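Please read the structure below before turning to the comments.
As the structure is a computational prediction, the values presented were derived from the model and not from experiment.
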Amino acid sequence: MYSIWWTLVPFLVVLLIVFAIIRYRIHIGRLVLKEEEKLLAGQFELLQKEQEEMNDIKVQMAGEIRLWKQSRQERSERIELFQNDLLSDMEMEEERCYWQDALLNLTFLHKLDECRSRDIEVVLEGFPREGMPAPNAGYMELSSLMINLFDNAREACQLIPEQEDRRIVIAVRRNGGKLFVSMDNSCNEQSRQRGGAKTWKKDAGKHGIGLDIINDLVDSMNGRIKSERQENVYHVELMLPAGRGA
């Protein structure tokens, strides 16, 4: 009887120890799982925040794209209205040819007459009899460029009293596959205060009256622009890739 009891006691002790070890390991495993759950919950929360931020960015980008499209559409509509006005003036007795592109030539003539009607002398140099080949770009870009060049020069000249020299000189020339256009306009102290210097690079500093749009247009045509003041003259020079026939 006693021998059996003394045999069972060590076995029971070992069994209790094994049971305690297994229970301890299960307890540690549960603690590890709880920590992992906390970490996963934290990561999930971060992912949710990142997703919300990404959704906000998408909404913002969509809004900016809509504004950009709206601005581009409004600009296209303005150019179309101007084009319709030009087409209504096509019944001229004799159409002068400065550019081979008919619509660009009509835009040029319209702005030319607009300047001269305000008692601003316009001198043209280098235009061949058959007209200059148009730069390698679309009509909208070309007409926008021409309109802004003329308007900037005209506005500067209109700041000068009528009894003083108010002149715009436009010169063109071809050199290989490039077309150069320069425009010099008279300026006085008032127009100089609204102007500045401009170099070949777009980010090289402040610049003259309304040249922002011109710079963007020239960049879109893969061309270059520089401008500078020369005493009482403001000089703008463009280099543009020439189109066919240049």
How about [X] and [Y]: do any of their side-chain heavy atoms sit closer than 4.5 Å?
X	Y	answer
M132	Q100	no
I168	C115	yes
V236	L149	yes
L124	V122	yes
I170	F150	yes
I21	R25	yes
D184	Y234	no
V218	M239	no

Could you tell me whether a side-chain N or O of [X] sits under 3.5 Å from a main-chain N or O of [Y], the two making a donor and an acceptor?
X	Y	result
R173	G126	no
N188	L159	yes
R166	I160	yes
N175	K178	no
E228	H235	no
S186	R167	yes

Nearest-0.5 Å distance, [atom1] of residue [X] to [atom2] of residue [Y]:
X	Y	atom1	atom2	value
F127	N105	CZ	CG	9.0 Å
N232	N185	CG	CG	11.0 Å
L31	H27	CG	NE2	4.0 Å
L217	M140	CG	CE	9.5 Å
L112	M146	CG	CE	10.5 Å
E37	K34	CD	NZ	8.5 Å

| task | Might you work through the side-chain contact (heavy atoms from CB on, under 4.5 Å) test for V233 and R229, ending with a clear yes or no? | result | CA-CA 6 Å; V233 174; R229 289 196 310 271; over 6 Å; no
| task | Could you tell me whether the side chains of Q51 and E53 share a donor-acceptor contact shorter than 3.5 Å? | result |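 The answer is no; no qualifying pair exists.
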| said: Go through it in stages, so that I can follow the logic: the residues are Y98 and L104, the test is side-chain contact (heavy atoms from CB on, under 4.5 Å), and I'd like the CA-CA distance, side-chain angles, deciding distance and then a yes or no. | reply: CA-CA 9 Å; Y98 295 108; L104 178 61; over 6 Å; no
| field | L238/L179 under side-chain contact (heavy atoms from CB on, under 4.5 Å): CA gap, chis, key distance, verdict | value | CA-CA 8 Å; L238 308 177; L179 190 147; over 6 Å; no
| task | Let me see the working for I26 and R30 under side-chain contact (heavy atoms from CB on, under 4.5 Å), right down to the final yes or no. | result | CA-CA 6 Å; I26 293 173; R30 288 177 178 174; 3.8 Å; yes
| request: Could you tell me which residues satisfy side chain to side chain contact (heavy atoms under 4.5 Å, CB included) with E125, sequence neighbours excluded, listed by chain and number? | output: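 Checked E125 against side chain to side chain contact (heavy atoms under 4.5 Å, CB included); matches are V123, V169, A171.
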| field | Shortest non-hydrogen contact from W99 toward A134 | value |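 Of all heavy-atom pairs spanning W99 and A134, the closest is CE3-CA, 4.3 Å.
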| query | Looking at L142 and M221, what are the two nearest heavy atoms and their distance? | reply |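 Closest pair (atom of L142, atom of M221, distance): N-CE, 3.9 Å.
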| task | Check the pair E114, R154 against salt bridge (charged side-chain N to carboxylate O under 4.0 Å, His left out), reporting the backbone distance first and the verdict last. | result | CA-CA 9 Å; E114 187 178 78; R154 175 180 53 78; 3.4 Å; yes
